[in-house]
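Please read the structure below before turning to the comments.
Sequence lines set the chain letters: A, B, ... in the order given, protein chains first and strands last, and positions in each chain run from 1.
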Amino acid sequence: MKVSLTAEQLKRTAVLAKVSLPEGGLEGLIGQLEQLLDYVEKLKAFPPGGEEPVGPTSIPVGGGKTRPLSQEEVLALAPDSYRGQVRVPRVLPDE
Amino acid sequence: MTEMPVIGLEVHVQLKARAKLFCSCPTDFGAPPNSRVCPVCLGLPGALPIINNQAVLLAVRGALALGAEVSTSSTFDRKHYFYPDLPKGYQVSQNLRPLAHGGRVPTPMGQVDLLRIHIEEDAGKLSHTEDSTLIDYNRSGQALLEIVTAPCLSGAKQARVFLEILRRALVYAGVCDGRLEEGSMRCDANLSLGGGGRVEIKNLNSFRGVEKALAYELERQSRARAEGRTVLGETRRWDEAGAATRVMRTKGQAQDYWFLPEPDLPPLVIGADLRRQARGDLPEMPWTKEKRFTDDYGLSPAASSGLTKTRTMADYFEAVVAAGCKARQAANFLLGEGSKGPRGAGLPSPGQLALLLCELEQGRLSPTGAKAVFARMLTGETAREALRAVGSQLTDREYLEKLAAEVVAANPKAKADYLGGRKRALGFFIGAAMAASGGRAHPALLRKILVSLLTKNKV
Amino acid sequence: MARGLAAGEISSRELTEDFLRRSERWQRTLNAYIEITGDRALATAKRIDALRCRGEKLGPLAGIPMALKDNISTRGVATTCASRVLAGYIPPYDAAVVEKLGDCPLLGKANLDEFAMGSSNSTSAYGPACNPWDPARSPGGSSGGSAALVAAGCAPFSLGTDTGGSVRQPAAFCGVTGFKPSYGRVSRWGLLPLAPSLDQVGVLTPSVEDCALVLQEIAGHDSRDATSAGMSVPDYRAALGTEVSGLKIGLCPEVLADCSRGVGSALAEAARELEKGGGQIISVSLPFLEEAMGAYLLIASAEAASSLARYDGVAYGYRPLSPTLAEMYLGSRVFGPEVLRRLLLGVCSQGKGGGNYELGQRVRRAIVSRLDALFGQVDLLLLPVVSHPAFRLDEEPDPLAMHYNDLYSIPANLAGLPALALPCGFSEGLPLSLQLMAPRFREDLLLAAGSWWQRRTDWHHRRPREVCS
């Protein structure tokens, strides 16, 4: 079965991923994604097996000690800051 | 036709853990911005979460306190969305397999059933200037317990009462500090009315706010229905200043989340030891205590509720009763005079207070006198010392008659009022005579003498 | 080299200067570094020399310079992941492996595919790295820079990362030894994630012996990584002198048939050698390689989309001048086409309740249990790394075909197995490699077989001639 992806679906995905799509036609990108989605489609026929969790189970462990950062270090990383805080353009009420 | 609203709440409770959920940064309130931050809670690439066992213990204790079923194994999920307070582009939460299911909180307006309880991390704190938004990451990564109720609340008032009881229970259990002004409990509400759209209200950070916002929404929605308009499912926020809810997002522009099992954290296994430890120091819940106070001590529901506001108060009350004081006497005093003074460590020992209250009970001390004795006890005097200083109540009939005569003679106008039918003037005479006795006059006796004096002179 | 340092025959400073000079000479041709950190390297070298002079006890690798793939967090040194998105990001903390190798002068940060997504090193925002055997060809990816540097003799060893073959495939293309340890063996703290359930730090060296030395230093539990294995680390050097006699080695005839003639015959020859050494070749079938790749695509793309959600231009990294928040987000999240495609694939198949991640995990579990059963019959699996030698940079295959570069590598990532890429021949002047895979935490078996192989052959001693550009 051929998987198809519409431009509309692609645009919604881009909104969810917060990325801009390349300018110009989306056909190339859609074709590539369809090819990959098509490829993984065959997994649905793969017989199940194996048990639940992959990897270790955890018991709660406390205190992975992490070196704290100073306010100066935090602000040095930030593209923009103001009075000890990281600054971004204003969040609008509906954002 | 009035229809019952369907209300559900999602309550976010800050766990009283010393460190954040996934790193060792401290959680103290009011620190300078961005000074309680490390690579983990700032979401720096390559930093990894390690779960804080104190937070897990508190979460389990909270779930057990609310009668929820704690899962042996729960898992973490990443909830993805973009917002400037969310440094990783996702919040680590529990979606598919939460920490606990079920649970209930009794309220006078009926039991509130809980659907699920899970652990998640808090976001940073935003503040806004005219053209920009500022971010403080100190709160980012703090441990939260999210408690989701069934859509079973019937009104705004019940929502508020439920939250107050929930808060009390979590503070009892030592899970949360309950400091609402510091954002220790925050709430989202959802509400639908008679088949209308489900409206979610965000950013409710006071219990009064919850009540007001829900009342406003109920009113808005029933008016819309009365006018034949459809209520749309949407997300609104509570505008405290404008005392109204405002549209944030309509259904079409609903915020899209997507989830992924958190690959950096293996399942959270709650073993028998941890469960035992969490249950071990779990105190009696306020609603159980309240009922016991009413049943065992014969207190009024109001008095029981008042005394169980805090564990300290309830424990103190019981200790005073155990020391030999009558329950009702102790309740009246603690909810009256006792509630004005200091709390906790500042109070006299229960035995000392019981001594004072016995004097009061047996009429050897007037309420005014008791107040004076109590005040002295608060400065560190023992009950005996304070009683001696204030002196026992005066029951000397001759002295009281003399006192009454003086007071009546000095106030001819009040006397005329009383004789003219204003019975309230008696209170004035009692007060004046009591003051003249330094609070030591036996009140019932004094009253009797005054009444007979005033009526005798009438002739 | 380590012995020379310890004996005082050469100083770390001299050694570091040598490698820096060589690195500078090759850089124009290879573009294998994103940044050369000469000053920092020399400062470390001088510190180590001074300590050695004072007779302080030092670790076996102290003073030996290294290169690190630029997705490994280095405090005070830009860490770009070869992406514009991280332009200007200087981490305030070191990765666990960097802490452990703190006495190794850092020559520089090696080029890679953007966010380690790719098998060609051509998706780097800093331009492709080239293969020292033929600069018109790809060094492989994503750890292309790390492999090229070791192959060209610019660095005595380098670290890469392997999510779906990203250490082994470039090691094969460049003719060096490439080791991917078991998942959990080496801490991921400070490794910029691609797919956290698959990522593992790996080692690139000229020989298996060197590889064991480096692995010994970086392996071990880390309380900051919840997926790190708690078990103790054996002495890997102890495995180096042992024989292969008695080892059962699985080989899949269908896989050999699918390889280009050069790779197929080199592998058949290797199998014969192993048999001569007393190993027992057992024919096995691997009827799940395509499915493993499909599961990998789903899992890796969804986890990558999640891992990359943090690059929003808010608290660190690149942010253009943005009048509005929406413009800031879109303007900051400027990924290259390969990353964009995988990100969209991940969100598209997982977002909006697609649930394909769970499908991928279900298949993964099934494959893991089949591999477990397989390792009940054999001690090691013998596989190609890639079915062909390095491709030309101007002949890049389409996205799906590109993933086939990792067809034989991916099972080890899905199951968390250790795997080793070893040079095993040449075809038209380009190196060929075989791959050995072992059960989880049996790094020792791989090192034993690998060192045995390198005592028998000299493929790993061959080095490309320096090309001056």
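With hydrogens and angles disregarded, no donor-acceptor distance shorter than 3.5 Å links the side chain of A:K18 to the backbone of C:A309.
Counting all heavy atoms, side chain and backbone alike, C:D222 lies closest to C:A96 at OD2-CB, 3.4 Å.
The contact between C:Y89 and chain A is made entirely by side chain atoms (from C-beta outward), counting heavy-atom distances below 4.5 Å. For chain C, the nearby parts of A:V88 are the backbone and the side chain; heavy atoms of each come within less than 4.5 Å. Residue C:Y318 does not touch chain A at all, counting heavy-atom pairs closer than 4.5 Å. Using a 4.5 Å cut-off between heavy atoms, A:K42 contacts chain C through its side chain alone, with no backbone atom that close. C:R370 touches chain A through its side chain: at least one heavy atom from C-beta onward sits under 4.5 Å away, while N, CA, C and O do not. A:L69 touches chain C through its side chain: at least one heavy atom from C-beta onward sits under 4.5 Å away, while N, CA, C and O do not. Contacts between A:L5 and chain C at a heavy-atom distance below 4.5 Å involve the side chain alone, from C-beta outward.
For the residue pair A:Y39/A:Q35, the side-chain donor-acceptor check at 3.5 Å is not satisfied. In this model, no donor atom of one side chain and acceptor atom of the other lie less than 3.5 Å apart for C:D312 and C:S332. At a cut-off of 3.5 Å, with distance as the only test, a side-chain donor of C:T74 or C:T79 sits close to an acceptor on the other residue. If you check the side chains of C:E114 and C:S83, you find a donor sitting under 3.5 Å from an acceptor.
A salt bridge links C:R224 with C:E99: at least one charged nitrogen is closer than 4.0 Å to a carboxylate oxygen.
Considering only heavy-atom pairs separated by less than 4.5 Å from chain A, the leading option among C:D372, C:D398, C:I90 is C:D398. Most heavy-atom pairs under 4.5 Å with chain C, from the set A:L37, A:L29, A:T13: that is A:T13. In terms of heavy-atom pairs under 4.5 Å with chain A, the best-connected choice from C:M328, C:R341, C:R342 is C:R341. With chain C as the partner, the residue from A:V86, A:L21, A:L36 showing the most heavy-atom pairs under 4.5 Å is A:L36.
Residues C:L286 and C:L374 are in side-chain contact: their nearest non-hydrogen atoms beyond the backbone lie under 4.5 Å apart.
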